[in-house]
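Have a look at the structure below before the remarks.
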Amino acid sequence: MGPKKGGENSKKAAGNARKADAARKKAERDALLAAEEASQPSKPKGKSNQPVKKSRGLDLSQLDDQPASRKGAALNASGIDNALDALSLTGKESSKIDRHPERRFKAAYAAYEARRMPEVEQENPGLRRQQRIELIKKEFDKSEENPFNQAHVSFDASKDEIAAVRDAERKKTEARLTK
């Protein structure tokens, strides 16, 4: 059975009517949306949502409350330790001046020896235990973990001596972080 000749297919006509109705509704919706967008206040067109470019390091020049002698030099601190040192420069007092490093020496050495002993055993398997301990002791004498290698003053130091050591440490840190 073929299609009727001369007549219109009723199913086709109904489908076309549904398509025309859906197109009319879509056009109305688009017109309403355009009118609503036109009535809204416009967004600023000058700036786009581009990510802010991050610089490497830490620039603390805006935090300075020091004299203008340091204003020209920005501190470049990459890494956690350097960033913490740079932040400590902005504070008024530095608490890194130790009055009693001898009190912390024994505990610091014990922790260093416990951490380094397995590494030294792997590096030097032929050494006796006492030889390993001597090797670790020599390393600890030069290590930054040694309290005597950190900034310290005698327990009966005057305020002027403490201030001088504090200023020397500050200048040393500034020289290291300023490039």
Between CG on residue Leu127 and CD on residue Glu121, distance to nearest 0.5 Å: 10.0 Å
Proximity of Phe140 and Phe105 rings by center, below 6.0 Å: yes
Summary of side chain to side chain donor-acceptor pair (under 3.5 Å) pairs that have at least one residue in residues 24-37, sequence neighbours excluded: Asp21-Arg24, Arg24-Glu28
Ion pair check, Lys137 and Asp141, cut-off under 4.0 Å: yes
Pairing of Glu145 and Arg116 as salt bridge, 4.0 angstrom limit: no
Shortest non-hydrogen contact between Ile136 and Glu113, atoms and distance: CG2-CA, 4.0 Å
Minimum side-chain heavy-atom gap Arg132-Asn124 below 4.5 Å: no
Distance (rounded to the nearest 0.5 Å) between Met117 CE and Leu135 CG: 9.5 Å
Whether over 12 other heavy atoms sit under 6.0 Å from Arg115 CZ: yes
